[in-house]
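Below is one structure, written out as structure tokens, with a few remarks after it.
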Amino acid sequence: MNRRKALISTVAGAAAIAAPKARAATKGMEVILARWDKAKVFTLQVADAMPAESYDSKPMPEMRTYGELMQHLAGNNIFYISRLNKGEIPESLRAPQKTDKETTKKYLTNSFDFSAGVLKNAAMEDLDRSYPGRPNTPSQTGWDWILHAFIHTSHHRGYGEVYLRVKGIVPPKYSV
């Protein structure tokens, strides 16, 4: 076998191995984006279920108000997913000063939309790359930061449902 045939064979073999991996990664991102959209819809339903006049309520004095809780969820969506965007956060996504229902729902929406935009533009190298963690924590891959965002969102949305129950409000039904 001459060098040219060997080189062509090597390149063809590498491409054959890489293609399924690239398709799997692309499919994985499609699934993540679809689930992110469902998380957005459901989180906004939970946020909307609380009456506007109760956004400053909290079950216990040491807890966040409902508005603060929902904004904490939004802020961490932005923090986690911005790792894939070099940590760059547009000024328009800074936490608002007011925690009323309208302001909070807008901030939640913007956090999910910003995150979806970053995810749509993320290259596979961005997802596999290691990013600095919080102080005193190890570095994490892009995939890790995405999963942190999902887990954190679910965790605090669950708290939000407890706040609703304390007020005698039945939370929206989860739909996958």
Side-chain angles (χ1 to χ4, degrees), residues 17-47 50 55 58-99 103-164 171 174 176:
I17 291 170
K21 185 177 178 183
R23 280 193 301 275
T26 300
K27 181 65 177 169
M29 186 51 75
E30 288 173 11
V31 170
I32 285 171
L33 285 166
R35 291 293 173 183
W36 192 252
D37 188 52
K38 287 180 182 282
K40 173 186 174 182
V41 169
F42 188 48
T43 303
L44 288 169
Q45 288 173 346
V46 171
M50 182 66 81
Y55 257 65
K58 48 186 169 178
M60 306 285 292
E62 66 273 12
M63 296 174 77
R64 293 178 172 105
T65 67
Y66 194 76
E68 290 168 340
L69 174 72
M70 292 288 116
Q71 287 192 15
H72 170 77
L73 184 161
N76 276 275
N77 284 346
I78 295 163
F79 171 79
Y80 291 133
I81 301 301
S82 74
R83 303 297 95 203
L84 301 172
N85 195 35
K86 299 177 186 143
E88 295 174 9
I89 300 170
E91 190 62 37
S92 63
L93 288 176
R94 301 291 176 202
Q97 296 298 312
K98 297 177 0 182
T99 58
T103 302
T104 299
K105 285 184 62 184
K106 182 178 179 186
Y107 186 51
L108 274 169
T109 300
N110 291 342
S111 80
F112 277 99
D113 292 346
F114 165 78
S115 299
V118 170
L119 292 172
K120 285 177 189 170
N121 292 315
M124 288 305 118
E125 305 84 57
D126 297 329
L127 302 172
D128 292 334
R129 182 178 300 129
S130 186
Y131 298 89
R134 292 182 182 265
N136 303 313
T137 64
S139 296
Q140 305 278 316
T141 68
W143 293 109
D144 290 320
W145 287 111
I146 292 168
L147 293 174
H148 288 316
F150 273 108
I151 292 166
H152 185 268
T153 294
S154 299
H155 173 75
H156 286 289
R157 187 177 53 229
Y159 274 149
E161 291 187 13
V162 172
Y163 281 53
L164 293 171
Y174 179 69
V176 285

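Only this structure's heavy atoms are used, side chains among them; waters, hydrogens and symmetry mates stay out.
Under 3.5 Å, the side chains of Thr141 and Asp144 contain a donor-acceptor pair of N or O atoms.
Note: Trp145 CH2 to Phe79 CZ = 4.5 Å, rounded to the nearest 0.5 Å. Once rounded to the nearest 0.5 Å, the distance linking NZ of Lys40 with OG1 of Thr109 reads 5.5 Å. Annotation: the span from Leu93 atom CG to Ile78 atom CD1 amounts to 4.5 Å, rounded to 0.5 Å. Between the CD1 atom in Ile151 and the CD1 atom in Ile146 there is a gap of 12.0 Å [rounded to 0.5 Å]. To the nearest 0.5 Å, the span separating NZ on Lys58 from CD on Glu68 amounts to 6.0 Å. Annotation: the span from Arg35 atom CZ to Thr153 atom OG1 amounts to 14.5 Å, rounded to 0.5 Å.
In this structure, Ala149 and Tyr80 approach most closely via the heavy-atom pair CA-CD1, 3.6 Å. Nearest heavy-atom pair across Phe42 and Glu161 is CZ-OE2, 3.2 Å. The two residues Val46 and Gly160 have their closest heavy-atom pair at CG1-C, 4.3 Å. Taking all atoms of both residues into account, the shortest heavy-atom contact from Leu108 to Ala74 is CD2-CB, 3.8 Å. For Thr103 against Pro96, the heavy-atom pair with the smallest separation is CG2-CB, 3.6 Å. Heavy atoms only, all atoms of each residue included: Ala47 and Met70 are closest at CB-SD, 4.1 Å.
Taking 4.5 Å as the limit, some side-chain heavy atom of Phe114 sits within range of a side-chain heavy atom of Ser82. Put simply, the side chain of Leu84 reaches to within 4.5 Å of the side chain of Tyr131, judged on heavy atoms. In this structure, Ile32 and Trp143 have side chains that are in contact, with non-hydrogen atoms separated by less than 4.5 Å. Residues Lys105 and Tyr55 form a side-chain contact, since some pair of their non-hydrogen atoms from C-beta on lies under 4.5 Å apart. Side-chain contact between Phe112 and Asn77 is present, with at least one heavy-atom pair separated by less than 4.5 Å. The shortest side-chain heavy-atom distance between Leu127 and Met124 falls under the 4.5 Å cut-off.
For Arg64 and Tyr66, the positive end is not near the middle of the six-membered ring at less than 6.0 Å and at most 45° from its axis.
Residues Arg129 and Asp126 are paired through a salt bridge, judged by an N-O separation under 4.0 Å between the basic side chain and the carboxylate.
In this structure a side-chain-to-backbone donor-acceptor pair under 3.5 Å is missing from Gln71 to Gln97.
Annotation: His152 is in aromatic contact with His72 [ring centroid separation under 6.0 Å].
Using cut-offs of 30° and 60° for the angle between ring planes, the Tyr159 and His156 rings count as tilted.
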